[in-house]
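Hydrogens, waters and symmetry mates play no part in the numbers below; they use all other heavy atoms, side chains included.
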Amino acid sequence: MEQKNNLDWALYEHVTKYIYETLGKEYNVKIEGYGRECKILGDSGVYHQIDVLTSEPDGDTTCKTAIECKYLKKKVDKDIVMKLLSIINDTDVNRGIIVSKSGFTRDAKKFAEHNNINMVHLREVGEQDHHVEKETEIALLDFVISTHLKRPEITAIQVEDDNGEKSSILEKDQYQIIIENSNGYKIKLFDAVMVFKRHLHDQKSFKLVSKKYDYSDHTIYSNNTIKKIKNITFTGLLTEKNETHQKAFTLTDRVWLIMKSIFERQMFTISEYGIIAVSKDENLL
């Protein structure tokens with residue numbers, strides 16, 4: 001990464017792209033495009049510009065993520081979140097992330113969390129960051145990194161219709177299936193799956209858990225089939241995995257940026273030369 005002391009909107013997008021590209025290499029996350037030329041066609045026939053577009057394999061399908069970068073002096077409000085949600089609903093994009101320099105309003109946070117849109121606060125290091133070590137000696141580091149990963153996995157999805165008949169849905173179909181309430185508001189099954197996965201994060205590891213969600217007065221659209229449903233039951237478990245990696249690199253200069261993922265409770269520090277360190281941030285709400 002090129003060394004910079006001050007951000008502008010273009011560099012902000014480039015740095016965001018670099019961070020997700022670097023963090024995603026282990027999970028086969030690819031950058032499909034970024035910047036002004038990154039556009040995707042919606043079902044409406046309208047092209048939408050996306051700051052950073054990523055893709056990653058998810059079973060037999062590909063999951064796309066739209067990342068919006070907001071280099072603003074004021075906090076991101078609910079309208080910006082609603083705009084990203086409308087793009088997701090109009091395209092084959094599966095989820096969204098908003099990266100903001102100045103944070104988010106309370107309404108924006110609540111609306112984003114309800115619609116499974118992640119929020120990330122990416123800013124330059126300031127005087128208030130006394131807990132972050134600003135300077136490090138130049139040194140060649142050769143050490144072993146141990147990581148402990150937790151991942152929610154879905155084992156079954158069962159739908160009960162108005163007649164009491166139950167049927168199963170494959171997890172790979174979650175992006176194509178639509179659920180509509182009596183007011184005409186539509187979500188993808190993917191959104192409901194994400195709510196259950198968040199529930200799994202609070203459960204004991206490797207314990208099979210089932211949870212039924214009430215969907216009375218809802219209609220499900222699946223494979224040219226339309227039917228009224230009562231509820232959806234998800235079954236899954238939280239898995240854990242320990243990995244060990246040996247790393248050797250030169251650590252230089254100072255921490256430049258701090259990135260906080262509001263809903264995932266993680267903090268990242270980025271040096272001026274692109275070195276990224278990850279830690280748990282217990283201070284995040």
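- Crowding of His114 atom NE2: a count of heavy atoms from other residues, nucleotides or ligands under 6.0 Å not exceeding 12.
- With rounding to the nearest 0.5 angstrom, the CG atom of Leu53 is 5.5 Å from the CD1 atom of Ile40.
- Using a 4.5 Å cut-off between side-chain heavy atoms of Ile, Leu, Val, Met, Phe, Trp and Tyr, with links allowed through other members, Leu189 and Val93 fall into the same hydrophobic cluster.
- Panel note: side chain Asp217, backbone Ser182; no donor-acceptor pair is recorded below 3.5 Å.
- Hydrophobic clustering, with ILVMFWY side chains joined whenever heavy atoms are under 4.5 angstrom apart, groups Tyr20 together with Leu11.
- Nearest heavy atoms, Gly164 versus Glu160: CA-OE2, 3.7 Å.
- By the 4.5 Å heavy-atom criterion applied to side chains, Leu238 and Lys204 are not counted as neighbours.
- Tyr213 and Phe234 have perpendicular rings, their planes meeting at more than 60° on a 0 to 90° scale where under 30° would count as parallel.
- In this structure, CG on Leu85 lies 11.5 Å from NZ on Lys78, to the nearest 0.5 angstrom.
- Here Thr219 pairs with Tyr221, Ile226, Lys228 under the side chain to side chain contact (heavy atoms under 4.5 Å, CB included) rule; sequence neighbours left out.
- Surrounding NZ of Lys75 are at most 12 heavy atoms belonging to other residues, nucleotides or ligands under 6.0 Å away.
- Thr235 contributes no side-chain N or O that, together with a main-chain N or O of Thr155, makes up a donor-acceptor pair within less than 3.5 Å.
- For CD of Glu37, the number of neighbouring non-hydrogen atoms (other residues, nucleotides, ligands) closer than 6.0 Å is 12 at most.
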Test log, rule side chain to side chain donor-acceptor pair (under 3.5 Å), inputs Ser216 and Asp214 = CA-CA 6 Å; Ser216 301; Asp214 182 22; 2.7 Å; yes

Is there a side-chain contact (heavy atoms from CB on, under 4.5 Å) between Arg198 and Glu113 once you walk through the steps?
-> CA-CA 11 Å; Arg198 284 182 179 156; Glu113 186 166 19; 3.9 Å; yes

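- Looking at every heavy atom in both residues, Phe104 comes nearest to Lys109 through O-CE, 3.7 Å.
- A donor-acceptor pair under 3.5 Å is absent between the side-chain atoms of Thr65 and the main chain of Thr54, judged by distance alone.
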Go through Leu237 and Thr239 one step at a time and tell me if the side-chain contact (heavy atoms from CB on, under 4.5 Å) criterion holds.
-> CA-CA 6 Å; Leu237 71 162; Thr239 62; 4.2 Å; yes

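- The closest donor-acceptor contact from the side chain of Glu13 to the backbone of Ala10 lies at 3.5 Å or more, if one exists at all.
- Here Glu32 contributes atom CD and Ile50 contributes atom CD1; the two are 11.0 Å apart, rounded to the nearest 0.5 Å.
- For the pair Gln49 (side chain) and Gly35 (backbone), a donor-acceptor distance under 3.5 Å is present.
- The two residues Leu84 and Gly96 make their nearest non-hydrogen contact at CD2-CA, 4.0 Å.
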In sequence, state the C-alpha distance, the side-chain angles, and the governing distance for Val52 and Ile31, and then conclude on side-chain contact (heavy atoms from CB on, under 4.5 Å).
-> CA-CA 7 Å; Val52 182; Ile31 303 296; 4.2 Å; yes

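- For the pair Asp51 and Cys69, the tightest heavy-atom approach, listed with the atom from each and the gap, is OD2-N, 2.7 Å.
- Cluster annotation: Ile229 is connected to Ile154 through the hydrophobic network of ILVMFWY side chains, with a link wherever side-chain heavy atoms come within less than 4.5 Å.
- Judged by distance alone, with hydrogens and angles left aside, the side-chain atoms of Asn94 form a donor-acceptor pair with the main-chain N or O of Lys64 at under 3.5 Å.
- In this structure, the side chain of Ser222 does not engage the main chain of Ile177 through any donor-acceptor pair within 3.5 Å.
- Formation of a donor-acceptor pair under 3.5 Å by the Asn163 side chain with backbone atoms of Glu165 is not found in this model.
- Tracing side-chain contacts under 4.5 Å through hydrophobic residues (I, L, V, M, F, W, Y), one reaches Ile232 starting from Val209; they form part of the same cluster.
- Qualifying side chain to side chain donor-acceptor pair (under 3.5 Å) partners for Tyr175, counting only residues two or more places apart in sequence or in other chains: Asp58.
- Under 3.5 Å, the side chains of Asn118 and Arg95 contain no donor-acceptor pair of N or O atoms.
- Rounding to the nearest 0.5 Å gives a distance of 7.5 Å between NZ of Lys188 and CD1 of Ile88.
- Taking a cutoff of 4.0 Å between a charged side-chain nitrogen and a carboxylate oxygen, Lys241 and Glu153 do not qualify as a salt bridge.
- Cluster annotation: Phe111 is connected to Met119 through the hydrophobic network of ILVMFWY side chains, with a link wherever side-chain heavy atoms come within less than 4.5 Å.
- Contact of the Lys227 side chain with the Ile220 side chain is registered, since non-hydrogen atoms from C-beta on lie closer than 4.5 Å.
- Nearest heavy-atom pair, Ser100 versus His121, reported as atom, atom and distance to 0.1 Å: O-CD2, 3.2 Å.
- Asp90 contributes no side-chain N or O that, together with a main-chain N or O of Ser86, makes up a donor-acceptor pair within less than 3.5 Å.
- A distance of 11.5 Å separates CD1 of Ile117 from CD1 of Ile80, quoted to the nearest 0.5 Å.
- Across every non-hydrogen atom of Thr16 and Val99, the tightest pair is CG2-CG2, 3.9 Å.
- A distance of 6.5 Å separates NE2 of His218 from CD1 of Ile187, quoted to the nearest 0.5 Å.
- Between Asp162 and Lys230, the closest side-chain pair of non-hydrogen atoms falls below 4.5 Å.
- Inspection of the Thr62 and Lys30 side chains reveals no N or O donor paired with an N or O acceptor under 3.5 Å.
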